[in-house]
J.: 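Take a look at this one; I'll ask things after.
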Amino acid sequence: MGIAVLATLVVSVEAAAQQSLWVGERKTVIEVVGPAGRHRLEIPVQHLEDIAVDQTRGVVWVGTRQDVIQYTLEGQERSSRRSRVPSSSRPSSR
């Protein structure tokens with residue numbers, strides 16, 4: 001019997017008037033706000049690897065298996081760059 005584990009990435013950001021928690025799942029980046037845990041924003045992505053929130057610049061960096069994508073805190077894509085990591089050096093996803 002196998003056990004499947006889904007990694008979840010979490011980044012917490014505190015703004016002056018609002019607290020938000022950014023959660024990255026395999027195919028979605030979600031901004032959760034307030035004590036009730038309301039989903040303010042959902043960004044669909046493929047093969048999510050990592051997220052980073054840059055409050056100073058007002059952007060969210062999203063790393064996938066193939067790209068690094070920069071979004072505004074409102075969810076608008078600003079730029080995308082193809083990853084240069086050779087597939088042979090990536091860990092196997094089994």
Side-chain angles (χ1 to χ4, degrees):
M1 179 184 294
I3 298 175
V5 177
L6 176 62
T8 300
L9 308 166
V10 179
V11 177
S12 179
V13 177
E14 289 189 37
Q18 164 182 311
Q19 293 182 353
S20 64
L21 178 69
W22 290 82
V23 178
E25 297 181 338
R26 184 177 295 163
K27 294 184 178 185
T28 310
V29 175
I30 304 167
E31 181 187 15
V32 180
V33 296
R38 181 177 58 87
H39 289 197
R40 189 185 80 82
L41 179 67
E42 293 189 21
I43 302 172
V45 296
Q46 292 296 316
H47 308 293
L48 181 67
E49 294 285 328
D50 203 357
I51 60 173
V53 179
D54 184 341
Q55 197 69 6
T56 303
R57 292 181 180 90
V59 297
V60 177
W61 293 94
V62 175
T64 69
R65 289 185 187 164
Q66 297 180 346
D67 301 303
V68 176
I69 309 164
Q70 183 185 55
Y71 291 94
T72 65
L73 294 177
E74 291 75 35
Q76 299 297 316
E77 185 176 327
R78 290 179 66 181
S79 67
S80 177
R81 296 193 188 252
R82 186 64 67 181
S83 172
R84 299 208 192 291
V85 177
S87 60
S88 62
S89 66
R90 291 191 188 120
S92 168
S93 60
R94 291 183 186 200

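Small disclaimer: the values here were computed from a predicted structure and weren't measured.
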J.: For the atom pair CH2 (Trp61) and CD1 (Ile51), what is the distance rounded to the nearest 0.5 Å?
T.: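 Separation between the atoms: 14.0 Å.
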J.: Who pairs with Leu41 by side chain to side chain contact (heavy atoms under 4.5 Å, CB included), at least two apart in sequence or on another chain?
T.: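 With neighbours one apart ignored, the set is Trp22, Glu31, Ile43.
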J.: Does Leu48 reach the side chain of Arg26, with side-chain heavy atoms less than 4.5 Å apart?
T.: no
J.: Between Pro44 and Thr28, is there a side-chain heavy-atom distance shorter than 4.5 Å?
T.: no
J.: Side chain to side chain contact (heavy atoms under 4.5 Å, CB included) with His47: which residues, sequence neighbours excluded?
T.: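 His47 satisfies side chain to side chain contact (heavy atoms under 4.5 Å, CB included) with Arg65 once adjacent residues are dropped.
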J.: Rounded to the nearest 0.5 Å, what separates atom CD in Gln55 from atom OG in Ser20?
T.: 6.5 Å
J.: Got a list of side-chain donor-acceptor pairs under 3.5 Å for residues 71-80, not counting sequence neighbours?
T.:
| residue | atom | partner | partner atom | Å |
| --- | --- | --- | --- | --- |
| Thr72 | OG1 | Glu74 | N | 3.3 |
| Thr72 | OG1 | Gly75 | N | 3.3 |
| Thr72 | OG1 | Gln76 | N | 3.1 |
| Ser79 | OG | Gln70 | OE1 | 3.4 |

J.: Has Asp67 got a side-chain atom pairing as donor or acceptor with Ile69's backbone, closer than 3.5 angstrom?
T.: no
J.: Just how far is it from atom CD of Glu49 to atom OG1 of Thr64, taken to the nearest 0.5 Å?
T.: 7.5 Å
